[in-house]
Novice: 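Structure in structure tokens, see below.
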Amino acid sequence: MAEHENGKISQRGSTRRVFLKNSGLTVGGVVLGGALGSLLGGSSEPASHTAPAAPALTVNPAEALMFFTPEQYQLTQAAAERIYPKDDNGPGAMELNAAIYIDHQLASPWGINSKEYMAGPFYKAEETQGSQIRILRKDLFLLGLKSLDAYSSKKFESNFIDLAPEDQDLVLTDFSEGKAPDISGVKSTLFFNLLRSMTIEGVYADPVYGGNKNMEGWAMRKFPGSRMTYTQEIQKEQFVKLDPQGLNSHMSH
Amino acid sequence: MATKLPKVPVVVVGMGWAGGIVASELTKAGIKVVGLERGKDRNTSDYAMGHDELRYQHREELMQDLSKETITHRNNEKMRALPMRDYGTFIVGDGVGGAGSHWNGQTYRFLPYDFEIKTLTDKKYGANKLNPEYTIQDWGMTYGEIEPYYDTFEKMAGISGETVELYGKRSNPYPTGPMLKTPIMNMFEKATKNLGYTPYVIPSGNLSESYENPDGISRAACQYCAYCENFGCEYGAKADPAVTVIPVAKKTGNLELRTHSNVIEILNDGSKASGVIYVDTITGEEFEQPADVVVVASYVFNNARLLLNSGLGKPYNSADGTGVIGKNYCYQVSSASSMMFFEDKEFNLYGGAGALGIEIPEFVGDNFDHSEVNFIHGAGIRVTQYGNRPIANNVVPKGTPSWGAEFKDQSIKYANSFFPVKSQGASMPYRYNYLDLDPTYKDAYGKPLLRMTFDYTEQDRELVKYMSKVTHKIAEEIGADIIDTNEKQGDFNVNKDTNTHNTGGVIMGSDPETSALNSYLQMWDAENVFVVGASAFPHNSSFNPTGTLGALSYRAAEGIQKYIKEGGSLV
Ligand SMILES: Cc1cc2nc3c(=O)[nH]c(=O)nc-3n(C[C@H](O)[C@H](O)[C@H](O)COP(=O)(O)OP(=O)(O)OC[C@H]3O[C@@H](n4cnc5c(N)ncnc54)[C@H](O)[C@@H]3O)c2cc1C
Ligand code: SF4
């Protein structure tokens, strides 16, 4: 298999598989076949060659997209990774599948603000009056992603995903401080806050929602997840480390 | 047109603590009750998948659907009120059990001082201690008179606690002993004792031991499972109307509970009610339920809103201070706190319970001298252990970024090594803090939303400044490596998480000119309407409200029985 198909890949000195992984064109380690052609400039290599031979049963069926296009997914992964990066503590948002979580949430009734008061009129709010925007979360998120790329291109002449991590941080800082241009009349901070809170949720919510892969988000902070009782542990002076358990552990009860 | 149903003796609007207690007391006495609840029916089997932080805490599974109904808010009369579109500062209950299903269970009594706050303040500090814009007033009932009802509520709920010297006299000890003490509670206990204070374990509706109440309801002990605040208890260990009073009412055969029934109007001729109109929220069909007595128990906001939308009682007018419906809305003042971080200590903070904690009584009410300060009343200073769930608890020392590499590292480093000394302060009523109808925004049924005009006052801000110093002193005595003290009360922000202790709007008192209800929570202006809940509080104390609203609910239930027998105004 050709290791270096274009300049970008050799720059990173990665194998094709590693590149695909790093660039986020994988869902839970499975290479996204469809996205391949477009990214690699019409490479004729059939997707089946690059798909791992892993038996289907070991793949989590929840690791698939319901909302994002592969490109949007990839960009979300890159941005979420900067919010919660991989480090000595353990995996970052990308490996923990936070972007899968975000995808699933935006596809859910929450993505269309279904439990919120959405009747007009909409007026500009004071600081103390909460968000007063008509734009649905799912739309704000997609517009925000577009804006991330547009702003990166303006600032660094490159898409967000291709920037060095330090530059990605500079872009996100501008979004967080509202210094990036407004998004359909809404401060960039609002998109940033959505991205931030969803990333934290994706890293720490129960794995049933698609993120917090293998409960590694919990393991990093020694959080035991969902157990029925802590009567003993809370009385102990010493820290008691317990392996995390997810909601599915209650299915046998 | 609404379908008219056969008349019943009593209709109760809302099936939380207030409605549940009234329903159980009346049905036990043989009175037929129709209970209307806008949400669904609920019991412990609903909580089998309950340990889900995202679903219950952050997506508010058990709370009111804001797409149907919310409040609007402005800080002052110059601002335009805008709807609270999603949850921020407080959350509102829904379904059988109401907020009593997802509350924490911290169950206090108010102080003798609270019930006579105006008289006692004037007596000790003179009539000018607070400026006249603070509309503090006595409750029309003394602590001695409410004490037996507190006792009844505590026995029904099985409250676990210990007697506190500096509080009102008790006719009986708590029915169950205090909750367990954890290492962080021990640290607080030791430090506050060193400083000369007398810490006590917070009285709890999470049972410290298994318990059978006088109604014959048995419940198991709390497992400190950490999914309590915002969640239902799958063990039934937490006192919840859906596991205590409502099953009792159902068992009598005298309660007809209708869920998915949203009441939109109290029918009345200005001096008496003839029933209510409600909408079946599933089909959209409208019904008229005639009744001899109407009990409004639909939480602070809807209690005030239903009266205003029904033209019952005189609406409050801030311009001249007349009228009563909407008056004396209060909140809780809880910004004073000191966050402590520890370099080489880890605590088992993943476990805990909704009412697990310890506090000191020295800074509540008039337990300290207020001669030299510009506020009255005070705060409970406390350490709690609810169980730190990971989405909600990413606390980092001041100056740490809120995202990125450093954030991740610090939030993980301190995940099990931080806890705050917090305060829960009293909120005093103010002439320009009130509830009325919003001129613009409507609910799903076309009725005006409730508009809240509220901001923290100078009194509240002074209180926070003072209490933050107390929390700092205790944190120093505990000896943390980093202490971040918050000294300021910012503006009230409808989007910022604080607490769900709303009070007032339909207040009790001894004078129909300045209050809406008498001490049986019977309306002065309509003798067959009883408005039950924390909406009846003329001010908010430094304690969580439910113990007091529970006691008042028992008192109201007694009043309703008396009214059914004797008629007329009970006071
Ligand atoms: C997360 C949380 C933690 C809390 N912790 C504590 C604590 O530790 N200690 C404490 O003292 N208090 C606590 N509280 C507050 C406590 O829950 C409330 O004070 C108490 O439950 C209020 O009881 P209620 O019966 O007045 O109202 P609710 O419990 O709100 O019940 C009102 C019921 O009326 C129904 N209703 C409303 N409008 C209508 C209508 N139009 N038609 C028909 N039905 C209607 C609602 O659906 C609801 O079921 C907490 C609250 C929350 C949300
Ligand atoms: S902490 Fe106790 S009372 Fe609360 S839900 Fe768990 S077992 Fe029930």
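Letters A, B, ... mirror the listed sequences (proteins, then strands); counts begin at 1.
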Novice: Between A:Glu81 and chain B, which part of the residue has a heavy atom less than 4.5 Å away: side chain, backbone, both or neither?
Specialist: neither
Novice: As an exercise: rank A:Pro165, A:Ala93, A:Gly130, A:Gly92 by heavy-atom pairs under 4.5 Å with chain B and give me the winner.
Specialist: A:Gly130
Novice: Supply the atom-to-atom distance A:Asn89 CG to B:Gln410 CD, rounded to the nearest 0.5 angstrom.
Specialist: 10.0 Å
Novice: What part of B:Ala48 gets closer than 4.5 Å to chain A, counting heavy atoms only: side chain, backbone, both or neither?
Specialist: backbone
Novice: Of all heavy-atom pairs between A:Trp218 and B:Pro390, which one has the smallest distance, and what is that distance?
Specialist: NE1-CG, 3.6 Å
Novice: Quick check for you: to the nearest 0.5 Å, what is the distance between B:Lys442 atom NZ and A:Tyr117 atom OH?
Specialist: 8.5 Å
Novice: Go through B:Thr72, B:Val494, B:Leu54, B:Asn495 and name the one with the most non-hydrogen pairs under 4.5 angstrom from chain A.
Specialist: B:Leu54
Novice: Chain A heavy atoms under 4.5 Å from B:Thr182: which part of the residue, side chain, backbone, both or neither?
Specialist: both
Novice: Under a 3.5 Å distance rule, please check whether B:Asn348 uses its side chain to pair with a backbone N or O of A:Phe239 as donor and acceptor.
Specialist: no
Novice: If I compare all heavy atoms of B:Gly351 with all of A:Tyr230, which pair ends up nearest, and what's the gap?
Specialist: CA-CD1, 3.5 Å
Novice: If I measure from the heavy atoms of chain A, does B:Asp409 come under 4.5 Å with its side chain, its backbone, both, or neither?
Specialist: both
Novice: Verify the distance criterion only: is there a donor paired with an acceptor across the side chains of B:Arg74 and A:Gln129 at less than 3.5 Å?
Specialist: no
Novice: Do A:Arg221 and B:Asn394 pair up side chain to side chain, a donor and an acceptor below 3.5 Å, judged on atom types alone?
Specialist: yes
Novice: For A:Thr173, is it the side chain, the backbone, both, or neither that has a heavy atom closer than 4.5 Å to a heavy atom of chain B?
Specialist: both
Novice: Quiz question: by atom type and distance under 3.5 Å, do the side chains of B:Asp52 and A:Tyr209 form a donor-acceptor pair?
Specialist: yes
Novice: Using non-hydrogen atoms and a 4.5 Å limit, figure out which bit of A:Ser131 sits close to chain B: side chain, backbone, both or neither.
Specialist: backbone
Novice: Just by distance, with hydrogens left out, do A:Gln105 and B:Arg59 show a side-chain donor and acceptor under 3.5 Å apart?
Specialist: yes
Novice: Could you go through B:Asn493 and A:Glu127, starting from their C-alpha distance and side-chain angles, then the distance that decides it, and tell me whether this counts as side-chain contact (heavy atoms from CB on, under 4.5 Å)?
Specialist: CA-CA 8 Å; B:Asn493 186 330; A:Glu127 273 292 296; 5.5 Å; no
Novice: Kindly give the heavy-atom pair with the smallest separation between A:Pro85 and B:Gly404, and that separation in Å.
Specialist: CD-C, 3.7 Å
Novice: Does A:Arg227 make a cation-pi contact with B:Tyr350 (under 6.0 Å, within 45 degrees of the axis)?
Specialist: no
Novice: Quick check on A:Leu172 against chain B: is it the side chain, the backbone, both or neither that has a heavy atom closer than 4.5 Å?
Specialist: both
Novice: Answer yes or no: does atom NZ of A:Lys155 have more than 12 heavy-atom neighbours from other residues, nucleotides or ligands under 6.0 Å?
Specialist: yes
Novice: For the interface with chain B, which of A:Gln238, A:Gln235, A:Lys86, A:Lys241 has the highest count of heavy-atom pairs at distances below 4.5 Å?
Specialist: A:Gln235
Novice: So which residue, A:Glu201, A:Lys236, A:Gln232, A:Glu233, ends up with the most heavy-atom pairs under 4.5 Å with chain B?
Specialist: A:Glu201
Novice: Measuring heavy-atom distances to chain B, does A:Pro121 have an atom under 4.5 Å in its side chain, in its backbone, in both, or in neither?
Specialist: both
Novice: If I take atom CZ from residue B:Arg389 and atom OG from residue A:Ser226, how far apart are they, to the nearest 0.5 angstrom?
Specialist: 11.5 Å
Novice: Does the pair A:Thr128 and B:Asp491 meet the rule for a side chain to side chain donor-acceptor pair (under 3.5 Å), with working shown?
Specialist: CA-CA 7 Å; A:Thr128 56; B:Asp491 296 335; over 6 Å; no
Novice: If you round to the nearest 0.5 Å, how far is NZ of B:Lys68 from NZ of A:Lys115?
Specialist: 10.0 Å
Novice: Is B:Tyr414 close to chain A through its backbone or its side chain, or both, or neither, when contacts mean heavy atoms under 4.5 Å?
Specialist: neither
Novice: Against chain A, label B:Tyr441 side chain, backbone, both or neither, depending on which of its atoms sit under 4.5 Å from a heavy atom there.
Specialist: both
Novice: Supply the atom-to-atom distance A:Lys222 NZ to B:Leu349 CG, rounded to the nearest 0.5 angstrom.
Specialist: 12.0 Å
Novice: Specify which of B:Ala405, B:Pro183, B:Ala226, B:Gly50 makes the most heavy-atom pairs with chain A at under 4.5 Å.
Specialist: B:Pro183
Novice: Measure distances from A:Tyr123 to the heavy atoms of chain B and classify the residue's part below 4.5 Å as side chain, backbone, both or neither.
Specialist: both
Novice: To the nearest 0.5 Å, how far apart are CE in A:Met220 and CD1 in B:Ile412?
Specialist: 5.0 Å
Novice: Counting heavy-atom pairs closer than 4.5 Å to chain A, which one of B:Leu66, B:Leu449, B:Asp455 comes out on top?
Specialist: B:Leu66
Novice: Which atoms of B:Gln385 come close to chain A, meaning under 4.5 Å heavy atom to heavy atom: side chain ones, backbone ones, both, or neither?
Specialist: side chain
Novice: Given 3.5 Å as the limit, does a donor-acceptor pair link the side chain of A:Glu116 with the main chain of B:Tyr87, or not?
Specialist: no
Novice: Apply side-chain contact (heavy atoms from CB on, under 4.5 Å) to A:Asp87 and B:Lys408, showing your working.
Specialist: CA-CA 9 Å; A:Asp87 64 4; B:Lys408 179 187 173 188; 3.0 Å; yes
Novice: Counting only non-hydrogen atoms closer than 4.5 Å, does B:Met63 touch chain A with its backbone (N, CA, C, O), its side chain (CB onward), both, or neither?
Specialist: backbone
Novice: Please classify the contact of B:Ser402 with chain A as side chain, backbone, both or neither, using a heavy-atom distance under 4.5 Å.
Specialist: both
Novice: Sort B:Asn388 into side chain, backbone, both or neither according to what part of it lies under 4.5 angstrom from a heavy atom of chain A.
Specialist: backbone
Novice: Go through the atoms of B:Ala81 and report whether side chain, backbone, both or neither lie under 4.5 Å from a heavy atom of chain A.
Specialist: backbone
Novice: Between B:Gln223, B:His73, B:His58, B:Arg85, which has the largest tally of heavy atom pairs under 4.5 Å with chain A?
Specialist: B:Arg85
Novice: Given that the side chain runs from C-beta out, which part of B:Asn75 has a heavy atom under 4.5 Å from chain A: side chain, backbone, both or neither?
Specialist: side chain
Novice: Assess the residue pair B:Phe407 and A:Arg196 against the criterion (side-chain contact (heavy atoms from CB on, under 4.5 Å)); give the C-alpha distance rounded to whole Å, side-chain angles, the decisive distance to 0.1 Å, and a yes or no.
Specialist: CA-CA 12 Å; B:Phe407 164 75; A:Arg196 179 196 178 269; 3.6 Å; yes
Novice: Against chain A, label B:Leu82 side chain, backbone, both or neither, depending on which of its atoms sit under 4.5 Å from a heavy atom there.
Specialist: both
Novice: Any chance the rings of A:Tyr84 and B:Trp403 have centres within less than 6.0 Å?
Specialist: no
Novice: Under the side-chain contact (heavy atoms from CB on, under 4.5 Å) criterion, do B:Glu53 and A:Asp206 qualify, and how do the steps go?
Specialist: CA-CA 8 Å; B:Glu53 182 187 4; A:Asp206 191 278; over 6 Å; no
Novice: One thing to verify: whether A:Glu126 and B:Arg80 come together as a salt bridge, which I'm taking to mean a side-chain N less than 4.0 angstrom from a carboxylate O.
Specialist: no
Novice: Is A:Ala119 in contact with chain B via its backbone, its side chain, both, or neither, using a 4.5 Å heavy-atom distance?
Specialist: backbone
Novice: Among the options A:Asp169, A:Thr199, A:Thr229, pick out the one with the most heavy-atom pairs lying under 4.5 Å from chain B.
Specialist: A:Thr229
Novice: Nearest heavy-atom pair of A:Leu247 and B:His51: which atoms, and what distance?
Specialist: CD2-O, 3.6 Å
